[in-house]
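Right, one structure below, let's go through it.
Note that the coordinates shown come from a computational prediction; the quantities given were computed from them, not determined experimentally. Read the numbers this way: they start at 1 and go in the same order the structure lists the ligands and their atoms.
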Amino acid sequence: MGYKMKRKSVDPVYSMCVQPSFIIGTNNEDGSENFAPITWVSVTHEEGDGYLLVISMFGTKRTKQNVIRTGVFSANLVSVEMLPLMDYFGSKHAKDGKKNDVEYSVSRGIALDVPTLDDSPWVYECEVERSVEMGDSTTFFCRIRNIQMDERLSPKDIFDLDLTLLDPVIYSGRYHSLGKMLGEIGDFRKNV
Ligand SMILES: Cc1cc2nc3c(=O)[nH]c(=O)nc-3n(C[C@H](O)[C@H](O)[C@H](O)COP(=O)(O)O)c2cc1C
């Protein structure tokens, strides 16, 4: 500490924001399922317990159309093991045909009638509460109606989540994995 980081100014065109990777499961008009990766995902809070999932989609992709039409979707956290699946779902657009060139197994949500990915260690079942359009993008604020978490997790409180166990893919233009768990809030406060 005490050292001044040497930085340089660049055009504000980068989205370095460290993004969590989710594969979004939606219902097509014909009742079949569709999956696509979306990493513009965060949370916010309104009141009471729990969070709202905030998720943003650009363009006219099928996933966005399905979310607008049905108001529901699943957000399946992508573990490192699932990277090939995410890469596949992300490189094929639903308008170019069903995404059935690779194998994966699908179940239905517990609280909502949405397709979920059996491989995922953490699944949110979401219902859109509000959406905000900005240009080409729509940002959805969504109620989390159910969370399915890996049975190996047994958090003692809502902050006690061992992300190293979930092994999520982190995206920032490139795919990364997570580093070490460093501690809890307060562990670094020293004697202040
Ligand atoms: C790693 C990754 C992250 C992505 N994140 C987003 C995102 O946050 N928002 C978005 O609108 N599209 C995102 N995409 C693009 C869609 O996943 C892609 O266009 C996909 O083919 C759309 O599929 P669909 O036609 O089935 O909806 C991402 C793609 C990849 C590979």
Checklist entry - Taking only residues at least two apart or on different chains, which pairs with a member in residues 43-69 satisfy ring-ring contact (aromatic ring centres under 6.0 Å, His included)? => result W40-F58
Next on the checklist: Salt bridge check, D30 against K98: does any charged N sit closer than 4.0 Å to a carboxylate O?
Outcome noted: yes
Next on the checklist: Between K156 and E184 (salt bridge meaning N to carboxylate O under 4.0 Å), is one present in this structure?
Outcome noted: yes
Checklist entry - Does the S32 side chain pair with the main chain of N28, one donor and one acceptor, at a distance under 3.5 Å? => result no
Item to check | Under 4.0 Å from ligand 1 - residues by heavy atom, chain and number | outcome: N34, A36, P37, I38, T39, W40, S56, M57, F58, K61, R62, T63, F89, G90, K92, H93, A94, K99, Y171, Y175
Next on the checklist: Under a 3.5 Å cutoff, is there a donor and acceptor pairing between the side chains of S107 and D118?
Outcome noted: yes
Checklist entry - Is the shortest side-chain N to carboxylate O distance from R143 to E127 below 4.0 Å? => result no
